Amino acid sequence: MRCGLRLLPLLLCADVACAIPSDYIYTEAPRYDAVAVANGGERFPSGAVLHIVSGTRDSVLLPGFAASADACISFDGRRVLFSGKENPAEKWQIWEAPLTGGAPRRVSTTPEDCVTPFYLPGDRIVFACRMREGFQLRTAPLAGRPASPLTYVPGNQIVSDVLRDGRVLFEGSHPAGIRDLYTVYTDGSGVETHRCDHRHDRHMGRELSSGDIVFETGGKLARFTSARAVEIPLPQTAGEFSGPVAEEDGGALMVSYRPSRAAPYSLYRWVPGRDEPRTPLVANAWQPVVVRPRARPKIHPSALGTREGANVLCLSVYTSKLRIPEGSIAQVRVWMRDTSGAGIALGTAPVAEDGSFFVTVPGERPVRFELLSKDGRTIASEKGWSWLRSGEQRICVGCHSGPERAPENALPQILVHSTTPVKMSLTERQ
Amino acid sequence: MTRRRFLLGAFAIGSLLLQAGPPAERYPSPVELAVSKDGLCLFAVCEGTDEVVALDLASGTIVRRIRVGHVPKSVSLSPDGKRLYSANSWSDTVSEIDTASLEVVRTLPAGFEPTSAITDRAGSFVYVANRISNDVSILDLASGVEIKRLLAGRGASYLERSPDGNRIYCTHIYPNPGYFRAPPQSEITVIDTARQIVAERIALHSAAGVFHIAFSPDGGLGMAAEMRPKNLVPLAHVERGGVIGNAIAIFGPDAGEVVHVPIDELDRYFTPPFGIAIPTDGKWAYVSTTGSDSITVIDMERLSAYLRGLSPSERRALATDLSASANYVSSRITVGSGPRGLALSPDGRKLYVANRTGDTISVVDTAAGKVTGTLRVSGPAVQTPQRRGERLFYTARFAFQGHMGCANCHIDGTLDGISWDFEPDGFGKDIVATRPLEEIGQTAPYKWNGQNPDLETECGPRTEKFFWRSESYTPSELADLVSFIKAIPLRPNRYRQPNGRLTVAQERGKAIFERGQRMDGAAIAKGNRCLACHSGPYHTNQALAEVGTGKTTDRSPWFDTPQLTNLSLTGPYLHDGSAQSLEEIWTVFNPNDTHGVTNDLTKDEMNDLIEYLKTL
């Protein structure tokens with residue numbers, strides 16, 4: 001099938017949304033292992049090939065490539081960014097090809113695998129690259145160099161989408177032992193979980209035209225809406241979904257789905273809530289993307305200052321889903337993860353009566369916070385590592401307060417005591 | 001008024017005026033609406049063209065343009081439907097219009113900057129909210145005389161009558177003077193219409209910028225559109241409601257303690273909430289959000305049920321819960337540009353929305369929940385750079401996730417009456433008060449530290465990076481925005497006498513302002529005289545000065561000398577808003593006579609100085 005053409009049924013289902021199918025690209029693969037990346041493994045252990053479908057004509061998009069996947073269409077709809085291997089023994093690299101004809105161009109030139117590329121505004125891209133710490137996100141000019149790190153914690157992160165508000169949505173490990181969706185600005189600042197209802201593995205979220213983010217979780221599809229702090233299941237089906245979805249004009253979703261475990265994953269068009277996915281378009285297919293122009297996300301104007309380290313102002317440790325008793329916290333301890341994986345205590349800082357604290361932490365290093373009582377007992381502790389960029393100034397509404405919690409309009413007492421943050425850094429001995 | 005009568009009475013004259021179009025090619029800028037009692041006619045007050053425009057709702061055509069006073073801000077119907085009242089904010093008058101003849105039959109005097117005028121239930125008195133004099137005038141309609149003036153809060157602006165007519169409620173666009181670095185406090189002033197006294201002041205904690213009020217049909221629930229700034233928290237990012245919360249304050253016997261109900265979401269904001277309308281069946285509340293070009297539709301049954309299910313502590317925490325609106329907001333309806341005032345048809349089937357910067361009125365089918373028509377109030381066909389800039393000024397679409405626009409803090413081009421802590425200088429440092437924007441085009445440099453040489457710098461990269469936190473204006477958009485800001489006019493100064501002369505007290509104050517000697521005859525150093533810095537047409541030498549007002553949290557004690565035009569309106573004072581009144585500038589913050597020599601003044605002399613300053 002790799003070099004040939006095949007004709008697909010032109011679906012004219014009852015749904016208006018399905019009446020005029022769009023051109024689309026998908027990844028054909030014998031196997032797709034969505035969770036493999038959590039361990040730094042290969043998502044396409046048996047190879048993968050990008051196809052483009054135009055009308056009823058299905059053709060291999062990049063005949064000269066041994067493997068290709070992860071298609072992302074440019075904002076003008078004329079180019080495609082993808083992960084590819086010219087030869088089977090090569091590592092995955094990022095490539096770009098014109099959709100109107102012309103030779104593909106290699107964008108990344110690293111010795112390790114680079115996958116899940118996405119266009120950013122301003123002729124830049126974001127992708128995941130295998131590093132010593134696992135897959136890490138990188139941004140780079142579309143011209144290729146120099147690449148800049150976007151993530152700074154161990155584990156495997158892969159890009160999931162670029163949201164229209166300019167943030168990068170990515171999939172990463174959560175200390176609860178699951179995969180979850182995170183957002184980060186394109187300068188690496190402001191990282192946080194998109195929602196704090198950590199329940200099941202969440203994979204490959206995609207933003208729809210409504211602003212909802214649809215993702216796969218446990219073989220089902222669910223979504224995050226702007227209005228809710230928790231995931232909302234999409235109408236249930238008998239079978240299983242896999243990988244990211246694509247939205248067509250009119251709101252129909254293109255999904256990779258299998259009606260039963262015995263069936264192969266195939267691409268379907270599906271309008272959630274109307275019916276089960278019915279007629280497969282093409283078998284052994286994942287990662288559909290619609291070929292069309294789309295709105296360019298906004299550019300994030302980085303406000304990173306030139307100061308050393310990052311300032312963190314927590315407004316109240318008591319604003320928390322953890323039910324931390326009022327008045328129980330006297331200090332905050334900051335931990336940093338060293339290159340061997342060990343945690344190093346950088347020091348402690350006072351927590352004011354209202355629960356506020358103000359510290360400077362090292363930038364671009366994994367850090368976590370621990371709340372201590374007056375006698376030094378640990379009352380609450382972050383389980384996972386996060387990071388801040390040097391020059392970043394971050395305000396936390398609370399400690400695990402959830403993104404739905406806006407700040408109270410109150411003057412943090414810690415700023416009344418001092419506007420100078422307590423510096424948390426390695427001592428000479430450390 | 002029957003439709004036939006309305007048409008006969010108005011069409012003949014109206015058709016002539018229609019050909020003439022609005023005066024002088026100004027943009028009408030409809031801000032408020034009223035529907036005739038029979039539902040056949042819509043009245044739109046257009047602040048840009050000083051008119052009330054009457055539209056026939058059957059045909060959608062303009063039947064009459066009624067010239068009223070300058071910059072009218074409101075239109076309301078008398079209980080019998082025979083009269084319309086328009087508050088003319090720059091004329092300090094109220095126009096009384098006969099709805100049959102569509103003529104102004106009387107012009108009544110009001111306080112400083114009347115912004116809203118409504119009658120009592122009997123139609124015997126008109127209550128007028130005066131934005132600048134911070135009070136409510138009561139005008140006797142029999143005599144046409146102001147019989148009483150009640151002290152309201154700062155920036156008294158919008159009035160609403162309770163369904164039983166026993167109370168009139170007044171909201172305020174500015175918070176009351178309070179304590180430095182404390183949450184802003186606004187109020188709803190409640191007037192007993194029988195005794196014509198202030199019966200109650202409902203405190204709105206942490207609100208700044210409160211607009212319209214509406215009531216449930218039985219009056220048990222009142223709803224006030226409010227902004228809830230986070231000005232005490234350093235402005236380091238916008239997400240998670242970091243700068244402003246948009247909410248409805250719920251009050252009244254069915255609410256108990258005031259509850260602040262957010263209308264925002266986690267990733268989208270609807271700002272600023274301005275108009276509210278509740279149909280007679282009480283099932284829905286419609287809220288216009290000016291910067292978001294939308295109407296938020298609240299399901300009142302769901303809201304009531306949701307509130308009933310919350311504990312008192314949960315109710316108090318509700319204002320900061322961005323996921324709460326999912327429990328009672330049923331939809332958002334996109335309308336025209338800059339929606340402000342709302343009016344419902346008598347049967348509640350149509351909602352009319354005044355799109356101020358679009359010069360249109362959206363017609364919403366309330367059952368379908370969508371716009372089914374658009375009425376034009378006419379206006380220039382071409383959008384000038386200045387008008388385009390005005391739209392940019394009011395829109396929230398440039399801020400991250402549509403969080404806010406220029407007008408959220410510079411309300412109607414003025415200020416918000418509070419102080420902010422911006423990020424670049426460090427948290428808790430360089431606290432700054434919002435400055436008004438009227439007639440600032442020639443007062444460079446900008447910012448309190450004078451670091452921005454022009455408005456292009458002030459509104460361009462700095463705003464993008466530290467306020468909007470998102471990709472912002474193109475160069476041409478920035479030029480449009482600046483052209484609008486430079487053209488924001490200075491409102492009339494109410495403290496000058498019509499004859500242009502100063503009062504005796506003002507004359508004495510002027511002498512103090514311009515003096516070169518202390519009261520004991522000793523010379524005042526030239527650099528420490530008022531005129532040394534506060535000179536020129538805007539009473540600023542446009543330079544930095546160190547006058548001893550810096551705080552330990554300020555990185556530099558040098559500040560841009562502010563212009564003094566319309567000074568009485570621009571509090572709180574000093575760079576950080578620490579002086580709650582003009583007097584405090586010198587009685588509290590000038591202990592060593594470094595901000596001019598004032599410690600030799602008696603109380604009366606200080607009063608004279610202030611009386612003069614208010615005329616600038």
Side-chain angles (χ1 to χ4, degrees), chain A residues 121-122 163-167 183 185 189-190 192 194-195 207 211-213 224-230 232 296-305 307 311-313 315 319 356 358 392-397 401-412 414-421, chain B residues 181-184 205-208 228-237 239-245 262 264-269 317 319-327 329 398 400-402 418 421 423-430 461 463-466 468-472 552-553 555:
Chain A
L163 305 181
R164 289 199 299 276
D165 64 25
R167 292 177 299 172
T183 54
Y185 291 107
S189 67
E192 61 183 6
H194 189 62
R195 295 289 186 266
E207 186 181 38
D212 290 358
I213 293 170
F224 288 136
T225 66
S226 170
R228 296 278 185 186
V230 295
I232 300 169
R296 178 179 67 76
K298 287 195 166 189
I299 295 173
H300 172 65
S302 178
L304 295 180
R307 68 188 67 79
N311 292 340
V312 180
L313 171 66
L315 300 180
T319 304
S356 59
F358 190 25
E392 182 176 357
Q393 295 207 95
R394 188 91 187 260
I395 289 179
C396 299
V397 173
S401 58
E404 68 272 29
R405 188 55 61 188
E408 290 279 356
N409 190 26
L411 183 62
I414 201 73
L415 292 184
V416 178
H417 300 319
S418 173
T419 56
T420 303
Chain B
R181 302 293 281 151
H205 179 70
S206 234
R228 302 181 62 74
K230 311 299 169 74
N231 63 308
L232 301 177
V233 178
L235 200 166
H237 35 75
E239 75 262 21
R240 290 187 174 202
V243 184
I244 291 170
D264 294 324
E265 298 175 355
L266 280 79
D267 303 320
R268 293 192 302 174
Y269 299 87
T320 58
D321 184 357
L322 296 170
S323 67
S325 65
N327 296 291
V329 170
F398 289 95
F400 184 72
Q401 298 178 336
I418 54 181
D421 180 2
E423 181 202 347
D425 38 52
F427 293 170
K429 297 176 182 173
D430 288 3
T463 295
E464 176 176 90
K465 187 180 288 191
F466 296 115
W468 299 164
R469 308 257 166 187
S470 186
E471 185 177 354
S472 181
T552 54
T553 52
R555 291 179 304 166

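Note that this is a predicted model, so its numbers are computed, not measured. Order of the sequence lines fixes the chain letters, A, B, ..., with proteins taken first and strands second; residue numbering starts at 1 for each chain. Keep in mind that the numbers below use all heavy atoms, side chains included, and drop hydrogens, waters and symmetry copies.
- With a threshold of 4.5 angstrom between heavy atoms, A:Ala229 approaches chain B through its backbone and through its side chain.
- Contact count against chain A (heavy-atom pairs under 4.5 Å) is highest for B:Ala236 among B:Ala236, B:Ala324, B:Pro184, B:Pro461.
- Within the 3.5 Å criterion, the main-chain N or O of A:Arg394 finds no donor-acceptor partner in the side chain of B:His237.
- With sequence neighbours excluded, the residues forming a salt bridge (Lys or Arg N to Asp or Glu O under 4.0 Å) with A:Asp165 are A:Arg167, listed by chain and number.
- For the pair A:Arg405 and B:Asp321, the minimum side-chain heavy-atom distance is below 4.5 Å.
- Residue with the most contacts toward chain A among B:Ser472, B:Pro183, B:Ser470: B:Ser470 (heavy-atom pairs, distance under 4.5 Å).
- Closest non-hydrogen pair, B:Val233 versus A:Glu408, comes out as CG2-O, 3.4 Å.
- Neither the backbone nor the side chain of A:Thr319 comes within contact range of chain B; no heavy atoms are under 4.5 Å apart.
- Note: B:Pro234 leads B:Pro234, B:Gly245, B:Ser206 in heavy-atom pairs under 4.5 Å with chain A.
- In this structure, chain A has a heavy atom under 4.5 Å from the side chain of B:Thr553, while its backbone stays farther away.
- Considering CD1 of A:Ile395 and NZ of B:Lys230, their distance stands at 11.5 Å, rounded to 0.5 Å.
- Of the two parts of B:Pro424, only the backbone, made up of N, CA, C and O, holds a non-hydrogen atom closer than 4.5 Å to a non-hydrogen atom of chain A.
- In this structure, chain B has a heavy atom under 4.5 Å from the side chain of A:Leu315, while its backbone stays farther away.
- Put simply, OG1 on A:Thr419 and CZ on B:Arg555 are 10.5 Å apart, with the number rounded to the nearest 0.5 Å.
- Between atom CD1 of residue B:Ile418 and atom CG of residue A:Asn409 there is a gap of 7.5 Å, rounded to the nearest 0.5 Å.
- Of the atoms belonging to A:Pro297, it is backbone heavy atoms, and not side-chain ones, that fall under 4.5 Å from chain B.
- With a 4.5 angstrom heavy-atom cutoff, A:Tyr185 touches chain B only via side-chain atoms.
- Interface remark: B:Ala319 contributes no atoms to any contact with chain A (heavy atom separation under 4.5 Å).
- Between the side chain of A:Gln393 and the backbone N or O of B:Glu423 there is at least one donor-acceptor pair closer than 3.5 Å.
- Using a 4.5 Å cut-off between heavy atoms, A:Ser401 touches chain B through its side chain atoms alone.
- A 4.5 Å side-chain heavy-atom check between A:His194 and B:Leu266 finds every atom pair outside the cut-off.
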Apply side chain to side chain contact (heavy atoms under 4.5 Å, CB included) to residues A:Lys298 and B:Trp468 and explain how you reach the verdict. CA-CA 12 Å; A:Lys298 287 195 166 189; B:Trp468 299 164; over 6 Å; no
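- Inspection of the B:Ser323 and A:Glu404 side chains reveals no N or O donor paired with an N or O acceptor under 3.5 Å.
- Taking 4.5 Å as the limit, every side-chain heavy atom of B:Asp267 sits out of range of all side-chain heavy atoms of A:Pro403.
- Looking at B:Phe400, only its side chain comes within 4.5 Å of chain A, counting heavy atoms on both sides.
- Annotation: maximal heavy-atom pairing with chain A below 4.5 Å, among B:Gly402, B:Ala326, B:Gly428, B:Pro262, occurs at B:Ala326.
- Chain B forms more heavy-atom pairs under 4.5 Å with one residue of A:Glu192, A:Glu392, A:His300 than with any other, namely A:Glu192.
- Counting heavy-atom pairs closer than 4.5 Å to chain B, the top residue among A:Pro301, A:Ser189, A:Gly211, A:Gly190 is A:Pro301.
- Per-residue counts of heavy-atom pairs under 4.5 Å with chain B were compared for A:Gly305, A:Ser418, A:Ala410; the largest is that of A:Ala410.
- Annotation: salt bridge (Lys or Arg N to Asp or Glu O under 4.0 Å) contacts of A:Arg228 (sequence neighbours excluded): none.
- Across all their heavy atoms, B:Glu265 and A:Ser226 have their closest contact at OE1-OG, 2.6 Å.
- Here the closest heavy-atom approach between residue A:Pro407 and residue B:Gly241 is recorded as CD-O, 3.6 Å.
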